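Letters go in sequence order (proteins before strands), and every chain restarts at 1. These figures come from a predicted structure and were not determined experimentally.
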2 protein chains.
Amino acid sequence: MTKLQSHGREPFETVDRAPEAQAEGFATVRQAHESEMAEDYVELIAELIETRGEARPVEIAERLGVKPPTVTKNISRLKAAGLVRREPYRAIFLTDSGQELAEACRQRHRIVVAFLCSLGIDEETAERDAEGIEHHVSETTLVAFGQALKQSWKHE
Amino acid sequence: MTKLQSHGREPFETVDRAPEAQAEGFATVRQAHESEMAEDYVELIAELIETRGEARPVEIAERLGVKPPTVTKNISRLKAAGLVRREPYRAIFLTDSGQELAEACRQRHRIVVAFLCSLGIDEETAERDAEGIEHHVSETTLVAFGQALKQSWKHE
DNA sequence: GACAAAAGTTAGACATGGCTAACTTATCTA
DNA sequence: TAGATAAGTTAGCCATGTCTAACTTTTGTC
């Protein structure tokens with residue numbers, strides 16, 4: 001009943017995975033959640049520095065849709081993690097490792113967005129979905145997205 | 001420097017989005033996180049009932065890679081949310097609305113996995129990435145995945 | 001049917017990432 | 001330059017989802 005069509009090979013077969021493999025998958029997701037905050041922040045900080053000249057808590061709060069105290073707290077966590085450099089009441093800067101992470105995240109973000117757009121998804125939706133998806137895309141999948149993207153350029 | 005190629009249109013342009021739109025995007029991601037637990041559980045419970053005849057906490061814990069007390073606590077939250085029906089020390093059943101949610105999640109999961117596989121990604125990676133990605137795929141994107149999938153069947 | 005093992009629960013701790021209220025510091029402007 | 005406004009911080013609260021340790025219930029076996 002849930003099978004839509006038959007094309008020689010079953011299109012939506014449910015794979016019976018080993019419990020450990022499945023558990024590892026969920027563990028990977030939980031780990032990704034732990035780095036999401038850091039990734040979102042450094043990505044945004046890099047963006048703000050580039051487009052606005054500096055990254056200010058008030059702007060970060062506005063862009064993330066959270067309140068200023070949340071930003072303060074999280075920025076101090078990022079500082080503890082060695083990703084940002086900053087003095088109280090001053091603008092926020094990225095350390096080298098923060099910069100590196102930001103660049104990787106932005107690159108990944110752009111690829112995911114471009115890939116979704118190449119499927120005909122509108123830009124607004126692509127951006128929105130990418131925000132959530134990007135943290136769960138493995139290197140393997142990212143490469144596959146990049147290649148599919150190149151294909152779509154050829155055939156456009 | 002980050003631009004790889006030029007194909008008439010810029011491939012990786014960074015869109016300057018309105019702050020509110022961006023904030024809404026992050027809010028969507030945070031919301032998705034709140035329903036992830038429920039979705040993972042009902043999806044898994046449905047799967048276990050189907051393949052094992054019943055869903056037991058010990059098995060859920062094993063598959064999710066968490067400890068039994070975590071399952072107990074979360075199951076009682078699902079019960080409060082009206083998604084499962086259950087008595088202490090007994091197996092777990094889905095309510096109608098739990099069943100409905102589970103079916104939607106499983107369908108979405110299968111589409112995401114099949115779509116990733118259609119890009120040439122190996123099944124193990126596809127399953128792993130899908131676990132994280134599926135919670136952040138909008139209806140629009142899901143439909144696009146489905147259509148790309150149909151295309152890939154034609155050209156195989 | 002008793003008892004050991006397995007399954008499940010309860011209690012209590014912890015980290016994360018939100019929030020409000022109240023305070024401090026910086027900036028702008030009359 | 002003083003005072004008002006905006007920006008940022010601190011303190012303390014809450015929900016989520018994880019854990020360990022200790023307890024209870026169920027199941028299986030002799």
Undergrad: Expressed as a whole number of angstroms, how long is the span from B/F26:CZ to C/dG18:C1'?
TA: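 So the two atoms are 15 Å apart, to the nearest Å.
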
Undergrad: Ring centres of A/H33 and A/H136 under 6.0 Å apart?
TA: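 Ring centres of A/H136 and A/H33 closer than 6.0 Å.
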
Undergrad: Run the salt bridge (charged side-chain N to carboxylate O under 4.0 Å, His left out) test against B/R85 and tell me which residues pass, sequence neighbours left out.
TA: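 In terms of salt bridge (charged side-chain N to carboxylate O under 4.0 Å, His left out), with neighbours along the sequence ignored, B/R85 is linked to no residue.
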
Undergrad: Output yes when at least one side-chain N/O atom of A/T70 is less than 4.0 Å from OP1 or OP2 of C/dG18, else no.
TA: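 No, no such contact exists.
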
Undergrad: Can you sort out the partners of A/S138 under side chain to side chain donor-acceptor pair (under 3.5 Å), two or more places apart, ordered by chain and number?
TA: A/T141, B/D129

Undergrad: Identify, with sequence neighbours excluded, every residue that meets side chain to side chain donor-acceptor pair (under 3.5 Å) alongside B/Q99.
TA: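 Listed in chain order: nothing, the list is empty.
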
Undergrad: With sequence neighbours excluded, what pairs up with B/I49 under the side-chain contact (heavy atoms from CB on, under 4.5 Å) test?
TA: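 Per chain and number, B/I49 pairs via side-chain contact (heavy atoms from CB on, under 4.5 Å) with B/I45, B/A55.
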
Undergrad: Could you pull out all donor-acceptor pairs under 3.5 Å where a side-chain atom in residues 64-75 of chain A meets a protein atom, sequence neighbours excluded?
TA:
from, atom 1, to, atom 2, distance (Å)
A/T72, OG1, A/P68, O, 3.4
A/N74, OD1, A/R77, NE, 3.4
A/N74, OD1, A/R77, NH2, 3.4
A/N74, ND2, A/Y41, OH, 2.9
A/N74, ND2, A/T70, O, 3.4

Undergrad: Send over the distance from B/I92 CD1 to C/dG8 P, rounded to a whole Å.
TA: 8 Å

Undergrad: Any base atoms under 4.0 Å from B/R30, or only sugar-phosphate, or nothing? Heavy atoms, all strands.
TA: sugar-phosphate

Undergrad: Please report, rounded to the nearest Å, how far the C1' atom of D/dG17 is from the CD1 atom of B/I60.
TA: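 To the nearest whole Å, that distance equals 16 Å.
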
Undergrad: Rounded to whole Å, please give me the gap between CD in A/E36 and C1' in D/dT16.
TA: 15 Å

Undergrad: Between C/dA15 atom C1' and A/N74 atom CG, what is the distance in whole Å?
TA: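 Value for this atom pair: 12 Å.
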
Undergrad: Where along nucleotides 5-13 of chain D does protein come under 4.0 Å, by heavy atom, of base (B) or sugar-phosphate alone (S), with - for untouched nucleotides?
TA: ---SBB-BB

Undergrad: Whole angstroms only, please: what is the CD-C1' distance between B/E34 and D/dT16?
TA: 9 Å

Undergrad: Tell me the interatomic distance from B/L64, atom CG, to D/dG17, atom P, rounded to whole angstroms.
TA: 12 Å

Undergrad: Whole angstroms only, please: what is the CE-P distance between B/M37 and C/dG17?
TA: 18 Å

